[in-house]
Protein chains: 2
Amino acid sequence: MENTRDKLIDATFDEIYSHGYQGAPLTDILKKAGVHKGSMYHFFKNKKEMALAAIGEKMFEKFNERYSYVESYQIGILDEFYKRLRDLTARDFKRGCPIANIVQEMSNIDEDFNVLMKSIYEVFRENVKSILDKAIEIKELKPCDTTKLALFITSTLEGAILSAKATGDEQDYLDVIDEMIDYIQMKRG
Amino acid sequence: MENTRDKLIDATFDEIYSHGYQGAPLTDILKKAGVHKGSMYHFFKNKKEMALAAIGEKMFEKFNERYSYVESYQIGILDEFYKRLRDLTARDFKRGCPIANIVQEMSNIDEDFNVLMKSIYEVFRENVKSILDKAIEIKELKPCDTTKLALFITSTLEGAILSAKATGDEQDYLDVIDEMIDYIQMKRG
DNA sequence: ACGTATGTTGACTAAATAGTCAAGTAGTGA
DNA sequence: TCACTACTTGACTATTTAGTCAACATACGT
């Protein structure tokens, strides 16, 4: 059974992911969590602190799930990466990417959100970079500036998700991803 | 002298661009516009209608400014496009891209915003496509699926702006754009 | 059994916010 | 001058929202 704090973290992340930070009233979060107000203020100083905790903890949790395979994988890591990129079941195009959503909404508005999202985005990029580095190590990719290539991949991925969210067409996501994969393949050697 | 409605449209767009729709109180918009509440409700049914009008009108205005050169340009259109992409003075990385901001914040929340942003995004993509089509017409680019390539370019561009907004580093934008230009150049042949 | 720390309840306050309205002003054509 | 329309003013209401608080419950070590 989930404890009260976890219920709050989960409900907060989900409500913010669905409606944005500014569009997620505390009462809705509390209702979803099934937790009373005073109880919430026992665990968190205020709504913002709870939101920062929820975003940080859930995102790092997601990264651990999504990129843990990099450790164990040896051959075919790039193909595995492509396969996961093309896997639509892992994506929610209605809501988009939680990182992008919060960066867009909050980075310019609140310095604490800005700092948090910056570090989350950095970890995202490092995860992609580590895949590329491993691919180079096992000669599945020609040596190149993996920092820049990881930046290009994360940017394009975020843009692809945005396009699909804007048009409501998952195919747009796939088209961009396939074009991006073509580009990486050219570097494959 | 700007009339009252224009003042409202300008102030609404700017406040929403800075703080998001949900984060832009009507009173702030009115203060910035220097217009009283009743006056605003004379021109618009409510805050949402004013916001939709402001976003639609200002974005199409911006498109006209930014892509009007396509009509007149003949040779070197692709290089002109690259030059404009690399022009940092045309961008505000603190606030990011207004299209992306509003798509991220509102597409999932409100159907009217969803419809509007979809049409804006479509026009954006068509503008880029028309540049590519012209480049093919004058043999500056090999024939290709310009619908898909325009999708790839707009997606990557949006992703590049997001990256720069997330990290606070304009160079990230330039790095992604240069990598994208490299890719287009490969097709130039 | 007692005391303490930890967690819970929900009514309450204060502020912010969208929207209403009746009374006013100014310009325009007859 | 008069009537009419277009626009303006700002006080007012109703609702939503974050945050407070004091009383209550529960678990646990001694």
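In what follows, chains carry the letters A, B, and so on, assigned in the order in which the sequence lines appear, proteins first and then strands, with residues in each chain numbered from 1. Quick note: numbers below take in every heavy atom, side chains included, and nothing from hydrogens, waters or symmetry partners.
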Asks: Atom NZ of A:Lys45 and atom P of D:dG19: how far apart are they, to the nearest Å?
Replies: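 Rounding to the nearest Å, NZ of A:Lys45 and P of D:dG19 are 10 Å apart.
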
Asks: Give a yes or no on whether the backbone of B:Leu116 and the side-chain of B:Ser119 come within a donor-acceptor separation of less than 3.5 Å.
Replies: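 Yes.
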
Asks: Under 4.0 Å from OP1 or OP2 of C:dT8: is there any side-chain N or O of A:Thr4 that close?
Replies: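 Yes.
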
Asks: Can you tell me which nucleotide in D:dG10, D:dT8, C:dT8 comes closest to the side chain of B:His36?
Replies: D:dG10

Asks: May I ask you to evaluate whether A:His42 reaches the phosphate of C:dG7, defined as a side-chain N or O under 4.0 Å from OP1 or OP2?
Replies: yes

Asks: Who else is in the cluster with B:Val115 when I, L, V, M, F, W and Y are joined by side-chain contacts under 4.5 Å?
Replies: none

Asks: Separation of B:Leu30 atom CG from D:dA11 atom P, in whole Å?
Replies: 14 Å

Asks: Give every pair of a protein N or O atom and an N or O atom of nucleotides 16-18 of chain D that lie under 3.5 Å apart, one pair per line with the distance.
Replies:
from: D:dA18; atom 1: OP1; to: A:Leu26; atom 2: N; distance (Å): 3.3
from: D:dA18; atom 1: OP1; to: A:Lys47; atom 2: NZ; distance (Å): 3.1
from: D:dA18; atom 1: OP2; to: A:Leu26; atom 2: N; distance (Å): 2.7
from: D:dA18; atom 1: N7; to: A:Lys37; atom 2: NZ; distance (Å): 3.1

Asks: Would B:Lys47 and B:Tyr21 count as a cation-pi pair here, with the cationic atom under 6.0 angstrom from the ring centre and within 45° of the axis?
Replies: yes

Asks: Output every pair passing salt bridge (Lys or Arg N to Asp or Glu O under 4.0 Å) with a member in residues 13-24 of chain B, not counting sequence neighbours, ordered by first then second residue.
Replies: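 Passing the test, one end in residues 13-24 of chain B: B:Asp14-B:Lys32, B:Asp14-B:Arg95, B:Glu15-B:Lys32.
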
Asks: For DNA chain C, what residues of residues 10-18 of chain B have any heavy atom nearer than 4.0 Å?
Replies: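 None, since no heavy atom is under 4.0 Å.
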
Asks: Is there a path of hydrophobic side-chain contacts, each under 4.5 Å between heavy atoms of I/L/V/M/F/W/Y residues, joining B:Ile184 to A:Leu151?
Replies: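 Cluster IDs for A:Leu151 and B:Ile184 match.
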
Asks: Cluster partners of B:Ile75, using ILVMFWY side-chain heavy atoms under 4.5 angstrom, listed by chain and number?
Replies: none

Asks: Within this structure, what is the CG-to-C1' distance between A:Asn3 and C:dT8, rounded to whole angstrom?
Replies: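 Going from CG in A:Asn3 over to C1' in C:dT8 covers 14 Å.
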
Asks: For the pair A:Phe124 and A:Tyr67, name the ring-plane relationship: parallel under 30°, tilted 30 to 60°, perpendicular over 60°.
Replies: tilted

Asks: Would you say the side-chain atoms of B:Tyr73 and B:Glu80 include a donor-acceptor pair closer than 3.5 Å?
Replies: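 Yes.
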
Asks: Using only heavy-atom distances, determine whether the side chains of A:Ser163 and A:Asp172 contain a donor-acceptor pair under 3.5 Å.
Replies: no

Asks: Would you mind reading off the distance between B:Met40 atom CE and C:dT20 atom C1', rounded to a whole angstrom?
Replies: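 So the CE-C1' distance, B:Met40 to C:dT20, works out to 12 Å.
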
Asks: So what is the end-to-end bend of the helix from C:dA1-D:dT30 to C:dA30-D:dT1, with 5 pairs used at each end and the value given to 10 degrees?
Replies: 0°

Asks: Pairing donors with acceptors under 3.5 angstrom, does anything connect the side chains of A:Gln185 and A:Tyr82?
Replies: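 Short answer, yes.
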
Asks: Does a donor on one side chain sit under 3.5 Å from an acceptor on the other, for A:Asn101 and A:Glu105?
Replies: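 Per modelled atom types, A:Asn101 and A:Glu105 side chains form no pair under 3.5 Å.
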
Asks: Measure the distance from NE2 on B:His19 to C1' on C:dT17 and round it to the nearest whole Å.
Replies: 16 Å

